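Every value quoted in this text rests on a predicted model; they were computed, and no experiment measured them. Hydrogens, waters and symmetry mates play no part in the numbers below; they use all other heavy atoms, side chains included.
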Amino acid sequence: MTTSKLFLRSIRKNIKLYYLYFFSMIFSISLYYIFATLQHDPSVKEMTDHTSGFSNAFLAAGILLVVIISVFTIYANGIFLRRRSQEIGLYQLIGLSKSWVIRFLVVEQVVLGFGSLLIGIAIGALLSRLFLVVLINLIGLDGVAGLPFSFTATIQTIVVFTMLIAITIMQIIRLIAQNRLIDLFRAEKQKDPVKKPNNILSGLLALIGVGLIAFGYYVSGIMLDDTETLLMNMGMVLASTILGTYLFFRVSISWIFYQYRKKKNGNLGLKNSLSIAPLMHRMRGNANSLTLITVLSAMTITMVSLAYSLYYSVENDTKLAMPFDFAMVNMEDTTETFMMELDKEEITYEHHPIEALQVTGDIPNINWGEGRTILFFPAEQLQQAGVDVEVPESGEAVYYNSRAMIEGMDNTVGYPKEVELVKGETILLTELVLENIMNVSFFGEQFLVSEETFKAFKVAFAGEEDLLQRFDTIQVENEEERAQASAVYGALPEERLMSDYHSMYQSAFQMNGLFIFVTAFLGLVFLISTGSILYFKQMTEAEQEKQYYKTLRQLGFSEFHLMQGIVRKQFYVFCIPLIIGIMHAIFALKVGSILVISSIIFPAMVGIVLYVVIYLLFAILTISYYRKIVRSVM
């Protein structure tokens with residue numbers, strides 16, 4: 001056989017065996033090209049000039065995409081090289097030099113790598129406009145840009161992925177240069193020796209692993225209490241959780257398997273021999289891969305679920321922060337002008353003036369600083385304006401703050417508590433409600449009191465500077481008219497106008513739409529990479545165990561019996577890291593939930609379920625591959 005025929009045969013074989021790897025690479029290259037195109041295209045920037053951080057979001061997404069694809073490519077390439085170790089050894093055994101083998105594999109890698117690169121760029125160029133339409137629908141913009149072919153994005157994509165191909169070439173050179181011929185023939189069949197674990201050391205390391213995970217969970221729950229040490233705490237959580245997860249897979253599960261084997265006196269039976277035994281023999285390698293899968297799963301679930309939670313809750317969260325469509329303080333002339341303009345446009349609205357008292361005060365056990373501004377609002381006037389509130393008892397107040405969780409002032413501080421006000425006055429603060437009774441854009445902590453308490457304070461604080469405030473609130477019920485009214489409001493000459501509900505909603509909608517657009521596709525890449533790594537590893541193990549299946553079939557065991565053990569093994573390999581990854585993600589989402597006023601349970605569950613469904617498809621593919629191997633041995 002000539003070198004050229006051998007080369008073509010090798011490429012055909014690789015594409016046939018590793019089609020999922022090339023699909024992942026092509027998809028990732030296409031996505032990176034699309035992100036780069038959207039980042040650099042001037043017409044897209046013009047359309048999204050009100051969406052803050054648009055270019056930065058795609059730049060960050062591109063960097064994160066390159067990082068995960070680099071990890072995936074290096075890991076998968078290592079698996080492939082190990083699987084082809086006997087083939088590489090045979091080339092040398094028949095007299096071919098190491099330099100010839102290196103040139104052969106490097107040329108093959110270059111052809112396949114740049115082939116994937118060109119196909120990925122071509123697909124990315126074709127799909128760029130489709131992705132732009134999806135983005136525009138998500139962020140609610142009008143119009144579609146032309147999005148022509150981007151030369152800058154093409155060069156950027158080629159440079160980045162050429163560097164990645166160069167890294168895989170270095171892997172090939174290192175493998176062939178450093179390994180002896182006998183090592184190449186043994187590499188595919190290497191297993192970890194099953195040794196009797198040191199009970200004391202194994203137990204200690206297992207406890208340390210679980211303790212590190214628990215410590216990471218604990219720190220994640222308190223990390224927001226001190227913003228000055230936030231970055232350090234984040235690094236601590238990541239380090240402890242990853243190390244704890246590794247020790248869990250490397251020590252804890254290995255110890256459990258050994259104890260189970262010892263209890264059975266080594267007689268594991270067919271099902272356990274096909275499931276537990278292979279894991280025991282490759283526990284070191286499995287610990288690395290299962291830790292990687294767990295961490296990637298947790299990252300993906302957290303990222304996608306949080307993005308969807310923010311997008312899903314944007315309308316409700318904005319309403320909780322902005323109960324009125326428009327609100328102006330001590331601007332009666334501007335309010336009259338605005339209402340005249342609304343009348344000209346024939347926009348239906350309701351106007352309600354609301355009084356407020358502005359004083360200073362201090363709450364014990366809350367790090368506000370001295371002399372915090374407090375706004376007292378009478379409940380009866382807010383009820384007339386359409387706000388759903390209950391009237392507090394005389395001498396009591398309810399604290400309303402939609403940002404209390406972010407500001408570290410949630411219910412954990414304990415209520416009721418006494419608030420010290422100016423002139424020696426006090427009031428009993430009975431509870432905290434995570435919403436606002438006046439638009440969040442106004443300065444001051446919002447306290448709800450009864451009309452009786454309000455009037456008593458008006459007398460008690462008489463003479464205080466800027467005591468009485470007048471808030472003019474306007475509500476527009478029709479959604480289309482609300483957008484029109486927002487445009488009228490923005491055209492007013494007054495420079496001290498605060499944000500209106502529609503403008504804040506649109507800004508949040510566009511920002512979160514951009515966030516979910518980026519995270520959805522990044523999450524899909526993460527998921528494909530995660531599932532592919534497990535699939536490739538199990539595919540390699542299936543080939544290694546092929547002779548065992550043949551022997552078992554010759555002994556009379558049916559396909560059904562063999563598949564029972566194989567399915568159990570895949571449960572351990574796929575489901576254990578998935579379950580632990582979901583646990584990691586739940587604690588991470590608990591921290592991220594402070595960004596969302598509404599409950600994130602439903603959108604988070606949607607994200608988790610979608611991830612699990614797609615992830616388990618790889619388990620089904622793996623089981624199907626094993627079934628094909630089992631059937632082929634007879």
Side-chain angles (χ1 to χ4, degrees), residues 316-324 327 329-330 350-464 466-473 475 501 597-599:
N316 189 54
D317 282 7
T318 307
K319 197 64 181 177
L320 291 174
M322 303 281 288
F324 298 102
V329 59
N330 301 326
E350 291 185 6
H351 168 240
H352 293 279
I354 299 173
E355 292 181 301
L357 295 176
Q358 179 177 296
V359 298
T360 57
D362 180 47
I363 299 180
N365 302 325
I366 293 184
N367 186 23
W368 271 5
E370 297 181 359
R372 189 75 175 185
T373 300
I374 298 175
L375 294 171
F376 287 102
F377 291 94
E380 289 83 352
Q381 293 185 30
L382 287 168
Q383 288 176 338
Q384 292 177 3
V387 180
D388 184 17
V389 294
E390 294 184 2
V391 180
E393 297 292 332
S394 179
E396 296 181 354
V398 177
Y399 178 32
Y400 281 79
N401 186 350
S402 62
R403 296 177 53 84
M405 294 287 289
I406 299 177
E407 296 171 356
M409 294 183 289
D410 59 9
N411 285 309
T412 58
V413 298
Y415 292 89
K417 60 171 70 267
E418 192 174 75
V419 181
E420 301 174 0
L421 306 171
V422 293
K423 292 190 175 183
E425 296 289 333
T426 61
I427 192 169
L428 187 66
L429 194 61
T430 58
E431 67 174 310
L432 164 68
V433 179
L434 297 176
E435 60 181 275
N436 288 346
I437 47 178
M438 182 54 66
N439 290 0
V440 70
S441 46
F442 293 102
F443 180 73
E445 308 304 325
Q446 301 176 10
F447 283 16
L448 180 72
V449 295
S450 64
E451 187 79 39
E452 179 185 351
T453 304
F454 183 84
K455 290 179 179 178
F457 277 165
K458 186 186 293 187
V459 174
F461 297 131
E464 287 291 313
D466 298 325
L467 174 64
L468 191 62
Q469 306 288 313
R470 174 190 167 104
F471 287 83
D472 286 286
T473 65
Q475 292 285 68
Y501 167 81
I597 304 174
S598 308
S599 172

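Lys423 places a side-chain N or O within donor-acceptor distance of the main-chain N or O of Ala462, the cut-off being under 3.5 Å. Between the Gln383 side chain and the Val389 main chain, a donor and an acceptor come within less than 3.5 Å of each other. Side chain of Glu380 to backbone of Glu451: a donor-acceptor contact under 3.5 angstrom is found. One N or O on the side chain of Gln446 and one on the backbone of Met438 form a donor-acceptor pair closer than 3.5 Å.
In plain terms, the two heavy atoms of Ser394 and Ser450 that are nearest each other are CA-OG, 4.2 Å. Closest approach of Lys458 and Leu467 over heavy atoms only: O-CD2, 4.0 Å. Shown here for Ala321 and Asn436, the closest heavy-atom pair between the two residues is O-ND2, 3.1 Å.
Residues Phe324 and Leu382 have side chains in contact (heavy-atom distance under 4.5 Å, counting atoms from C-beta outward). Side-chain contact between Ser402 and Val440 is present, with heavy atoms from C-beta onward closer than 4.5 Å. At a threshold of 4.5 Å between non-hydrogen side-chain atoms, the residues Tyr501 and Asn439 do not count as touching. Using a 4.5 Å heavy-atom threshold, the side chains of Leu320 and Leu434 count as separate.
The line from CG of Leu432 to OH of Tyr400 is 10.0 Å long, rounded to the nearest 0.5 Å. Interatomic distance, Thr360 OG1 to Arg372 CZ, rounded to the nearest 0.5 Å: 12.0 Å. Taken to the nearest 0.5 Å, the CZ atom of Phe454 stands 11.0 Å off from the CG atom of Leu448.
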Pairs under 3.5 angstrom only: tabulate donor-acceptor contacts from the side chains of residues 351-359 to other protein residues two or more places apart or in another chain.
unit_1, atom_1, unit_2, atom_2, d
His351, NE2, Asp472, OD1, 2.8
Glu355, OE1, Gln381, NE2, 3.2

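For Gln469, the side-chain hydrogen bond (donor to acceptor under 3.5 Å, both in side chains) test picks out Asn330, with sequence neighbours left out. For Phe471, the ring pair (Phe, Tyr, Trp, His ring centres under 6.0 Å) partners at least two apart in sequence or on another chain are Phe377, Phe442. By the side chain to side chain contact (heavy atoms under 4.5 Å, CB included) test, Ile427 pairs with Phe376, Ala397, Val419, Leu421, Val449, Thr453, Phe457, sequence neighbours left out.
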